[in-house]
Amino acid sequence: MAIPFKKIILHRLNMRMIFPFTTSFGTMQDKEFFIVEAVDTEGNRGFGESVSFPIPWYTEETVKSNKDIMEDFLIPILRENPINHPDEVFPLFGRLRGNNMAKAAIEGAVWDLYAKRQGVSLAKALGGEKTQIDVGISIGIQPTITELLEKIEGFLDQGYKRIKLKIKPGHDVEMLRQVRAAFPDTKIMADANSAYTLRDIDLLKQLDDLDLMMIEQPLQHHDIIDHAKLQKEIQTPICLDESIHSLYDAQKAIELGSCKIINIKVGRVGGLSESVKIHDYCEAHGIPVWCGGMLEAGVGRAHNVAITTLSNFVMPGDTAGSSRYWEKDIIKPEVVVKNGSIQVPTGPGIGYEIDEEALEEFRFEKVEYDM
Ligand code: OSB
Ligand code: MG
């Protein structure tokens, strides 16, 4: 039976993180995004979250571009094409190039609505079986090594299962050496967000001595050729983030030997259906995956929890607890990390309630579209 959509509502929010987050491409603290609400004729409500930033420095999408694409194209496509299952959404959107984060925000709301209509958890609807998931933490570039070491210690005390450190030229090998010396047995990895080129190969080779779990996206944001060359020269496993936008990209990267691990971000690859496909392909080809983060609020975070229940998410992801980012989140209860794990909710859909008061507090625009 076709899902009887009644309305799509775009809630535009602005939330301030409790800390500035610095990567090789810039510093973020204010998080602007959309909560997409899909309502059916029976009053069920599904929720998705857009993960682009106001500035196109991670991918080309922005909060503003997401709005245009959702309003001008994606919502009309959903209005004009009856669907029975959320797996039909991404192929319908497939006639439009790119804009994966806009597509994922809408598709995520449809997935949550579908799972709620079925009375099953989103995790179960996706084929996930884990009842709890292991998570690590991603730490931005810190002003001093002392502050960094203190931060790491604090997060390890909270139980996080691995530490990811952002690196950039001038803030890499020496910093990582000091961290490794202070924490000899901790699972540590580095994320460069494309800050290096093959000319840095000698520097990147020095990481081989530090027993890192992996280095994430050292080279160009679209590259898989140079990463394959680099992987042949270094022992540290390469994990691709920015370079993987689709199952196709994952297939080519694996074929070329550009990476040994893939970070799956639902928004970056256009939604949950494509995430499952990439997950399954990687599983069949012996490539472990983990779930990346985009500093999400509660709804996006809940989607990350759900997808991480699939079997090949074998490495701790970046889905930290709500309190790592927010004074107050927009879901009830918040996402809680205990001993480095999150208990997967079993209620229908994302399994967390929307905190309507918080939604209203952070919302500065609301547009409704009749279906
Ligand atoms: O490269 O994984 C990344 C945040 C913003 C943009 C890109 C990335 C990140 C993170 C943060 O590493 C992960 C999180 O805590 O959500
Ligand atoms: Mg990354």
Side-chain angles (χ1 to χ4, degrees), residues 15 17-33 49-63 100-101 104 133-142 151-152 155 158 160-168 172 188-196 212-223 227 237-245 249 253 259 261-269 289-305 307-308 315-326 329 334-335 337 340 342:
M15 287 169 72
M17 293 194 297
I18 55 184
F19 60 95
F21 189 77
T22 301
T23 71
S24 64
F25 56 68
T27 299
M28 301 170 269
Q29 186 156 18
D30 289 305
K31 187 82 182 3
E32 190 188 330
F33 59 95
E49 181 174 323
S50 67
V51 299
S52 63
F53 300 111
I55 302 173
W57 48 19
Y58 171 78
T59 66
E60 76 291 348
E61 293 181 85
T62 66
V63 181
N100 281 350
M101 294 176 182
I133 60 162
D134 288 346
V135 293
I137 191 131
S138 175
I139 304 179
I141 294 169
Q142 301 297 312
K151 281 241 153 75
I152 295 173
F155 289 126
Q158 290 175 46
Y160 284 103
K161 298 214 163 146
R162 67 102 172 98
I163 301 288
K164 165 166 140 183
L165 301 171
K166 294 290 187 178
I167 58 170
K168 64 176 183 182
D172 41 42
I188 299 170
M189 59 171 289
D191 185 0
N193 289 106
S194 303
Y196 299 91
L212 301 180
M213 284 180 91
M214 71 194 88
I215 179 167
E216 188 180 341
Q217 197 70 34
L219 310 178
Q220 280 281 312
H221 67 282
H222 268 129
D223 170 78
H227 280 99
I238 293 176
C239 170
L240 288 177
D241 174 353
E242 281 90 330
S243 291
I244 306 297
H245 299 271
D249 288 347
C259 63
I261 301 164
I262 289 179
N263 159 342
I264 294 181
K265 288 185 187 171
V266 178
R268 198 192 62 229
V269 304
V289 304
W290 54 276
C291 184
M294 291 288 281
L295 311 167
E296 288 93 343
V299 170
R301 198 161 296 282
H303 283 260
N304 290 346
V305 171
I307 191 77
T308 305
M315 293 174 156
D318 276 347
T319 310
S322 298
S323 65
R324 186 262 188 286
Y325 310 84
W326 315 112
D329 204 341
E334 299 194 335
V335 174
V337 172
I342 296 171

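Counting starts at 1 for both ligands and their atoms, following the listed order.
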Quiz prompt | Salt-bridge present (Lys168, Asp191; N to O < 4.0 Å) | solution = no
Exercise. Spell out, as yes or no, whether a donor-acceptor pair under 3.5 Å connects the side chain of Ser52 to the backbone of Val63.
Key: yes
Exercise. Report the part of Asp191 in contact with ligand 1, treating N, CA, C, O as backbone and CB onward as side chain, heavy atoms under 4.0 Å; options are side chain, backbone, both, neither.
Key: side chain
Practice problem: Please verify whether a non-hydrogen atom of Gln217 lies at under 4.0 Å from ligand 1. | Solution: no
Self-check item: Ligand-side contact atoms (ligand 1) for residue partner Met294, heavy atom cut-off under 4.0 Å
Solution: 6 (C), 16 (O)
Practice problem: Output the list of atoms in ligand 1 that are nearer than 4.0 Å to some heavy atom of Lys265, sorted by atom number. | Solution: 1 (O), 2 (O), 3 (C), 7 (C), 8 (C)
Practice problem: Determine, using heavy atoms of Arg324 and all atoms of ligand 1, whether some pair is separated by less than 4.0 Å. | Solution: no
Quiz item: Phe19 vs Tyr325 aromatic rings, parallel, tilted or perpendicular, using cut-offs 30° and 60°?
Solution: tilted
Quiz prompt | Which of the ligand 1 atoms, numbered from 1, are nearer than 4.0 Å to a heavy atom of Glu216 | solution = 2 (O)
Quiz prompt | Atoms in ligand 1 with a heavy atom of Lys166 nearer than 4.0 Å | solution = 1 (O), 2 (O), 3 (C), 8 (C), 9 (C), 10 (C), 12 (O)
Self-check item: Check: Lys164 N/O within less than 3.5 Å of ligand 1 N/O
Solution: yes
Quiz prompt | Pairing of Asp241 and Arg268 as salt bridge, 4.0 angstrom limit | solution = yes
Exercise. Below 2.8 Å of the Mg ion (ligand 2), tally up the protein N/O/S atoms for me.
Key: 3
Quiz item: Which pair of non-hydrogen atoms, one from Ser138 and one from Lys166, has the smallest distance, and what is that distance?
Solution: OG-CE, 3.8 Å
Quiz item: Where on Asn193 is there a heavy atom closer than 4.0 Å to ligand 1, on the side chain, on the backbone, on both, or on neither?
Solution: side chain
Quiz prompt | Closest protein heavy atom to atom 5 (C) of ligand 1, given as residue, atom name and distance to 0.1 Å | solution = Phe53 CZ, 3.5 Å
Practice problem: State the atoms of ligand 1, each with its element, that fall below the 4.0 Å cut-off from a heavy-atom position in Ser138. | Solution: 10 (C), 11 (C), 12 (O), 13 (C)
Self-check item: Closest heavy-atom pair and its distance - Met101, Met294
Solution: CE-CE, 3.8 Å
Quiz item: Of all the atoms in ligand 1, which lie at a distance below 4.0 Å from a heavy atom belonging to Tyr325?
Solution: 14 (C), 15 (O), 16 (O)
Practice problem: Please identify each residue that fulfils ring pair (Phe, Tyr, Trp, His ring centres under 6.0 Å) with His222, with sequence neighbours left out. | Solution: His245
Quiz item: Numbering the atoms of ligand 1 from 1, which are under 4.0 Å from a heavy atom of Tyr58?
Solution: 7 (C)
Quiz item: Hey, are Ser323 and Glu334 close enough side-chain-wise for a donor-acceptor pair under 3.5 Å?
Solution: no
Quiz item: Among all residues two or more places apart in sequence or in another chain, which pass the salt bridge (charged side-chain N to carboxylate O under 4.0 Å, His left out) test with Glu32?
Solution: Arg12
Quiz item: What part of Asp241 sits under 4.0 Å from ligand 1 if we count only heavy atoms: the side chain, the backbone, both or neither?
Solution: side chain
Practice problem: Using side-chain contact (heavy atoms from CB on, under 4.5 Å) as the criterion, list what pairs up with Ala302, not counting sequence neighbours. | Solution: Ile350, Tyr352
Self-check item: Whether Tyr58 and Phe53 hold their rings parallel, tilted or perpendicular, with breakpoints at 30° and 60°
Solution: perpendicular
Quiz item: What atoms in ligand 1 come closer than 4.0 Å to a heavy atom of Phe21?
Solution: 4 (C), 9 (C), 10 (C), 11 (C), 12 (O)
Exercise. Identify the protein heavy atom lying closest to atom 16 (O) of ligand 1, giving its residue, its atom name and the separation to 0.1 Å.
Key: Leu295 N, 2.8 Å
Practice problem: Show your working on side chain to side chain contact (heavy atoms under 4.5 Å, CB included) between Asn304 and Val266 and close with a plain yes or no. | Solution: CA-CA 8 Å; Asn304 290 346; Val266 178; 4.1 Å; yes
Practice problem: Decide whether an N or O pair under 3.5 Å exists between Arg301 and ligand 1. | Solution: no
Exercise. Measure across Cys239 and Ile262 and return the closest heavy-atom pair with its distance rounded to 0.1 Å.
Key: SG-C, 4.0 Å
Practice problem: Measure across Ile137 and Ala320 and return the closest heavy-atom pair with its distance rounded to 0.1 Å. | Solution: CD1-CB, 4.1 Å
